[in-house]
Amino acid sequence: MSRLITEILREKIEEVLVMNFPGMVEEKEIAVEPTREKSHGDFATNLAFILSRKVNKSPREVAANLQLSLSESLQDFARVEVAGGGFINFFLEDKVLFSFIQEAEGEKEDFGAINLGRGKKTQVEFVSVNPTGPLHVGHGKCAAFGDSLSRILKKAGFQVEKEYYVNDVGRQIDLLGASLEARFRQLLGEKVEIPEEGYQGEYLIPIAEKLLQERGREVLDLSPPERLEVFRNFAVQNILDNIRCDLDDFRVHFDVWFRESSLYQGGEAEEIISLLQERGYTYSKDGALWLKTSNWGDDKDRVLVRENGSPTYFASDIAYHWNKWKRGFQLVIDIWGADHHGYIPRMHAAMQALGLPQDFLEIFIVQFVTLLRGGQPERMSTRQGEFVPLRQLIDEVGVDVARYYFLMRDPATHLEFDIEEAKRQSMDNPVYYIQYAHARIASLFRETQKRGITPLPLTDSWSGFPTEQEREISKKIAYFPEMVGRSALSRQPYLICNYLQDLCGDFHSFYNLYRIIDEDNMELTSFRLGLCRAVQIVLKNAFQLLGISAPDTM
RNA sequence: GCGCCUGUAGCUCAAUAGGAUAGAGCAACGGACUUCUAAUCCGUAGGUUGGGGGUUCGAUUCCCUCCAGGCGCGCCA
């Protein structure tokens, strides 16, 4: 388990506060963050600004008063200075930073693991694409985000399960079955059209061929309900297999595939409706049953049971989330495509109606990918059959590039992804920039091995940081566990990407500035190799969080 | 019409729960490989943070308003 520098600083600040200003400031009001400017030290706190309001003194004065006790309390850890209008700056002791290099070396793949989540039972549900067609590029963005977020939460001490919700009932599935039947008949030479609202994509043709091969044309002799059932199931199963295969190749693996139909088979869809009725949040109007979602901020109330007696998708979705709750999850994270954002208020309202804790459900919206090809935007719609499959993107640019492009930005923002450009500029692609750092370090160790150099143990090779560059890099290493925490808390994998660009920038500069292997100075060489080793460990661990590979050669 | 997201350098984006002098990459220009991987590095240039108000020690960040773009507003899923 890794230590967090800001945690340590906070503890010390707390101690000083209890002594000097008991009960005056809440801990969450206090910010302890890295500084941007070197002259401001390594970390800084706004403590004095917060306190000044309460004690009616200038921030500068408050800071000056605190300086002495903070200095004493942080002895051997950091030097304390007051600057600006009242900032309190911390200058970490070099040996504290050095200890993190040792820690990385010692913990290896566990370096960066923290206990922020305290084993909280968490579910991340994502992708959950209707099994009516192949995954396209937009789904890839959801997949990369959900998967990476899960990995980060795990690293931060949450107990995480990844789930895919399969919408295998309803009109769309009937249409899918009918579309497959049309393709099937076309194979047999019949002149039939695919239903107007059906699925026109050619991906159903091989599935129809497979069905013909397995079951023969006798399928058509079945009674209409039986026949539809066969086509439906066959289509769903095969499309799901394809989806699973695409996801596998994209390095996304789900723990649970949950079928919507199981909610109906288990009677849970009906159950949830009675439950909501009992709680008194429903009413009948126009022959339908409504849930009073407007009680909790939705624009209007929503239908649970249609006039014709069948439950809506909304009803089964509530049942699904109730099921998650019953499975014991304390935190559920849903990742949805942007076209579902109008659905969020009613879902939160439903959770309230069920009396679930406010923070039980978190919903994240992933904005669409604007896919460009030579500057021309491409629309993605499963129904029209004109889409760019995720498979094609993987084949064209590779998994590492695709995942990284999706992850390097806040998923809530629109992403422009020009396939041609990603291919053409693949040489100065950001993902290669960071992987190159890893490969360079690997190469260093191949070189030392070739020359028969055995570095001294880290402790024996260290006598302070040779230059500012090594200190800066150590600081970034020491900050990695912190990044894991920030990224987990804010549910933002892209913070890891920014961090990596930063760390690798420092490393590449360092590498160009100094010769690392110098056989005439084994002490210095050993320290620098140790530092590189720690960088490599951090890179490898961070890449793992993003699901990209850590190449030894490029 | 209502709701959500977005607006920062020519382009793509940062700015770490309101922090100190708004930073990177690409594109442009000028430099660095007989020595550990030049997929790299160093330097130059580039800004009224969409406009206008407000909140306070401090605003790219929060609030109001206007402008521009994207998405959504079914007893579809």
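Because only heavy atoms are used, hydrogens play no part in the values below, and waters and symmetry mates are left out as well, while side chains stay in. Numbers restart at 1 for each chain; the letters A, B, ... are given by sequence-line order, proteins then strands.
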Measure from the side-chain heavy atoms of A/F49 and tell me the nearest of B/C71, B/G19, B/A14.
-> B/G19

Can you tell which of B/A20, B/A38, B/U12 lies closest to the side chain of A/R440?
-> B/A38

At under 4.0 Å, does any side-chain N or O of A/R53 touch on OP1 or OP2 of B/C57?
-> no

Atom CD of A/E260 to atom C1' of B/C76: distance rounded to whole Å?
-> 12 Å

Go through B/C76, B/C36, B/C57 for me and flag the one nearest to the A/Y511 side chain.
-> B/C36

Indicate, with a heavy-atom threshold strictly under 4.0 Å, whether A/A439 touches base, sugar-phosphate, or nothing.
-> base

Find the partner of B/C2: check Watson-Crick (N1-N3 plus N6-O4 or O6-N4) and G-U wobble (N1-O2, O6-N3) distances, both under 3.5 Å, and reply none if neither fits.
-> B/G72

Take atom CD1 of A/I88 and atom P of B/G58, then tell me their distance rounded to the nearest Å.
-> 19 Å

Would you say whether A/F87 stacks on B/A20? The test is a distance between ring centres of less than 5.5 Å and an angle between planes of less than 30°.
-> yes

A/Y199 OH - B/A77 C1' separation (whole Å) = 8 Å

Remember a base hit wins even if backbone is also touched, and classify A/S443 as base, sugar-phosphate or nothing at under 4.0 Å, heavy atoms.
-> base

Gap between atoms CZ and C1', on A/R346 and B/C73 respectively (whole Å) = 9 Å

A/K476 and A/E472: salt bridge (charged side-chain N to carboxylate O under 4.0 Å, His left out), yes or no, with the steps?
-> CA-CA 6 Å; A/K476 298 258 158 70; A/E472 195 54 36; 3.6 Å; yes

Look at all strands and tell whether A/A437 reaches a base, only sugar-phosphate, or nothing, counting heavy atoms closer than 4.0 Å.
-> nothing

Take A/R533 and A/Q536 through the test side chain to side chain donor-acceptor pair (under 3.5 Å) and record every step on the way to the result.
-> CA-CA 5 Å; A/R533 180 79 198 135; A/Q536 192 182 27; 2.7 Å; yes

Answer with base, sugar-phosphate or nothing: what part of the nucleic acid does A/N89 contact at a heavy-atom distance below 4.0 Å?
-> base

For B/C33, the Watson-Crick or wobble partner whose two distances fall under 3.5 Å | none

Identify whether the glycosidic angle of B/C33 places it syn (within 90° of 0) or anti.
-> syn

Tell me what A/E447 touches on the nucleic acid: a base, only sugar-phosphate, or nothing, going by heavy atoms under 4.0 Å.
-> sugar-phosphate

Between A/R486 and A/E482, is the closest basic N to carboxylate O distance under 4.0 Å?
-> no

Residue A/T35, side-chain atoms from C-beta onward, closest of B/A20, B/U37, B/A14 | B/A20

Scan A/Y514 against the nucleic acid and name what it touches under 4.0 Å (heavy atoms): base, sugar-phosphate only, or nothing.
-> base

A/R36 side-chain N/O to B/A20 phosphate OP1/OP2 under 4.0 Å = yes

May I ask you to say what A/N46 touches in the nucleic acid, namely base, sugar-phosphate or nothing, with a heavy-atom cut-off under 4.0 Å?
-> base

From B/C75, B/A20, B/G19, nucleotide with atom closest to A/E307 side chain = B/C75

Looking at every strand, decide which applies to A/R302 at a 4.0 Å heavy-atom threshold: base, sugar-phosphate, or nothing.
-> nothing

Report which part of the nucleic acid A/D552 touches: base, sugar-phosphate, or nothing (heavy-atom distance under 4.0 Å, all strands).
-> base

To the nearest angstrom, the CG-C1' distance between A/N498 and B/A14 comes to 6 Å

Please give the nucleotide sitting opposite B/A39 as a Watson-Crick or G-U wobble pair, both distances under 3.5 Å, or none.
-> none

Please check the phosphate of B/G25 (OP1 and OP2 only) for any side-chain N or O of A/Y405 closer than 4.0 Å.
-> no

Closest to the A/W290 side chain, choosing from B/A77, B/C75, B/U60 = B/C75

Parallel, tilted or perpendicular: ring planes of A/F314 versus A/Y343, cut at 30 and 60 degrees = perpendicular

Which part of the nucleic acid does A/D286 contact within heavy-atom distance under 4.0 Å: base, sugar-phosphate only, or nothing?
-> base

Here the distance between atom P of B/C36 and atom CZ of A/F510, to the nearest Å, is 16 Å

Compare the minimum distances between each of B/C42, B/G72, B/A15 and the side chain of A/H341, then state the nucleotide with the smallest one.
-> B/G72

Identify whether any heavy atom of A/Y479 sits under 4.0 Å from a base atom; if not, whether one sits that close to sugar-phosphate; answer base, sugar-phosphate or nothing.
-> base

Identify the nucleotide, in any strand shown, that forms a Watson-Crick or G-U wobble pair with B/G47, with both distances under 3.5 Å; if there is none, say none.
-> none

Distance-only side-chain donor-acceptor flag, A/Y165 / A/D334, under 3.5 Å = no

Classify the ring geometry between A/H438 and A/F543 as parallel (under 30°), tilted (30 to 60°) or perpendicular (over 60°).
-> tilted

Base, sugar-phosphate, or nothing: which does A/Y494 touch, judged by heavy atoms less than 4.0 Å apart?
-> sugar-phosphate

Determine, for A/E29 against A/K54, whether the closest basic-nitrogen to carboxylate-oxygen distance falls under 4.0 angstrom.
-> yes

May I ask you to verify if any side-chain N or O of A/S490 is less than 4.0 angstrom from the OP1 or OP2 atom of B/U16?
-> no

Let me know the distance between CE of A/M554 and P of B/U40, rounded to the nearest Å.
-> 9 Å

Please determine if a side-chain N or O atom of A/Y436 lies less than 4.0 Å away from the OP1 or OP2 oxygen of B/A39.
-> yes

P-based separation of B/C63 from B/C5 [nearest Å] | 10 Å

Between the side chain of A/K141 and the main-chain N/O of A/Q367, is any donor-acceptor distance below 3.5 Å?
-> yes

Nucleotide nearest A/R515 when distance is taken to its side chain, options B/C36, B/A14, B/A77 | B/C36

Give none if B/C26 has no partner; otherwise give the nucleotide forming a Watson-Crick or G-U wobble pair with it, both distances under 3.5 Å.
-> B/G10

Side-chain atoms of A/Q367 come closest, of B/G70, B/U37, B/U16, to B/G70

If you check the A/L495 side chain, which of B/A77, B/A15, B/U37 turns out closest?
-> B/A15

Is the aromatic ring centre of A/H340 closer than 5.5 Å to the centre of the six-membered base ring of B/A77, with the two planes inclined by less than 30°?
-> yes

Which part of the nucleic acid, if any, lies within contact of A/P430, taking any heavy atom under 4.0 Å across all strands shown: a base, the sugar-phosphate backbone alone, or nothing?
-> nothing

Can you find a side chain N or O atom of A/R306 that sits less than 4.0 Å from OP1 or OP2 on B/A77?
-> yes

Can a salt bridge be assigned to the pair A/E7 and A/R10 using a cut-off of 4.0 Å between side-chain N and carboxylate O?
-> no

Would A/E163 and A/K324 pass as an ion pair if we require N to O under 4.0 Å?
-> no

Looking for any heavy atom pair under 4.0 Å, which part of the strands does A/A288 touch: base, sugar-phosphate only, or nothing?
-> base

A/Y433 side chain N/O closer than 4.0 Å to the phosphate oxygens (OP1, OP2) of B/A38?
-> no

